[in-house]
There are 2 protein chains.
Amino acid sequence: MKFSKATDYALHALLYLIMHNADTQRVPVQELASSLDVSATYLSKVLTRLVKANYITASSGAKGGYQLRKNWEAITIYDIVVAIDGEQTLFEDSFDHGEGCKIQALMQEAENNLLHSLKSKSLKDLT
Amino acid sequence: MKFSKATDYALHALLYLIMHNADTQRVPVQELASSLDVSATYLSKVLTRLVKANYITASSGAKGGYQLRKNWEAITIYDIVVAIDGEQTLFEDSFDHGEGCKIQALMQEAENNLLHSLKSKSLKDLT
DNA sequence: GTTATTATAGATTCACAATATCTTTAATTA
DNA sequence: TAATTAAAGATATTGTGAATCTATAATAAC
């Protein structure tokens, strides 16, 4: 019952981009990695998922790096979590008790409260 | 970002106890394990945590087994989760950004919504 | 008391996924 | 062409949940 480190890395990297006006500038992963004091190649792997999901852009070559998209403020925390960790549900019931399983219903409701909260917050709220 | 199987096992074992009037009768782990089709020794380890936390009782020897306590209806799902998985927080921030870290605040709030929901449901809601 | 039954504890193994590193390749700029 | 940077692939490392096995302790029935 934990979020992944990768999600933590992603959120903090995004925060760095936001704080450094990276909607107009590009930031190489080296800079991000040393700022967070984590492995650059691993962080790169994480950020690539955000690129794939179209939440940030990346460009190779000199003066390249990662960059926020224009609409970055609207991206929700939920979006980031899903892009990194996937959509796996928090509670996987090993027992198939069918529709009426109250345990599953109950856990599902709790999880929905979490997800709803994550959906209600966006990157704008980090500023 | 998942609950443990152990919690799943525990909840379903409790449900079995509830459904079999185990507030007056004792149910050996063998019966529970075969009902859920899981390892008996492992399930025993899980249930022992509930015993330690005083949510159920156990007695050794012939005619022994696990039994609900009188006040079982008031036990919340949160209680069970904590007894099994511990109180570890869902989001462990690797970066110490101090009090003002908005990422942490935000994730904490989302997590609180989950926990509040788990606290608002009790074993009585499984009946 | 003896035997059978049951939970508990300890040690250990197993399996798998997250995390991390290394190396190569592709893209881009100067 | 040379330098810089992201992406991809392969592989290693690690941590830990899950599970098993064995031994011990407690209890009931006889």
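Per chain, numbering begins at 1; letters A, B, ... match sequence-line order. Keep in mind that what you see is a predicted model, and the values were worked out from it rather than measured.
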Strictly below 4.0 Å: does [X] bring a side-chain N or O up to OP1 or OP2 of [N]?
X        : N       : result
Ser60(A) : dA26(C) : no
Tyr42(B) : dA7(C)  : no
Thr48(B) : dA7(C)  : no
Lys52(B) : dA9(C)  : yes

Legend entry - Given dT28(C), dA19(D), dT19(C), the nucleotide with the shortest approach to the side chain of Ser39(B):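 Nucleotide nearest to Ser39(B)'s side chain: dA19(D).
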How many Å lie between [atom1] on [X] and [atom2] on [N], as a whole number?
X        : N       : atom1 : atom2 : value
Leu17(A) : dA6(D)  : CG    : P     : 11 Å
Ile84(B) : dG17(D) : CD1   : P     : 13 Å
Lys63(B) : dA4(C)  : NZ    : C1'   : 13 Å
Arg26(B) : dT5(C)  : CZ    : C1'   : 13 Å

Inset, instruction - Can you check whether any acceptor in the base of dG9(D) is under 3.5 Å from a donor in the side chain of Lys45(A), or vice versa? - result: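 Such a pair exists between side chain and base.
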Inset, instruction - List for me each residue that meets side-chain contact (heavy atoms from CB on, under 4.5 Å) alongside Ala110(A), sequence neighbours excluded, and say none if there are none. - result: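 With neighbours one apart ignored, the set is Leu114(B), Ser117(B), Leu118(B).
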For [X], report the nucleic acid contact type (base, sugar-phosphate, nothing); a contact means any heavy atom under 4.0 Å.
X        : answer
Tyr9(B)  : sugar-phosphate
Val38(A) : nothing
Thr41(B) : base

Inset, instruction - Would you please indicate yes or no on a ring centroid separation below 6.0 angstrom for His12(B) and Tyr16(B)? - result: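 They do not qualify: ring centres at least 6.0 Å apart.
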Legend entry - Ser59(B)-Gln67(B) side chain donor-acceptor pair, cut-off 3.5 Å: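 The answer is no; no qualifying pair exists.
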Inset, instruction - Please work out which of the three classes, parallel, tilted or perpendicular, describes the rings of Phe91(B) and Phe3(A), given edges at 30° and 60°. - result: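 Ring orientation of Phe3(A) relative to Phe91(B): perpendicular.
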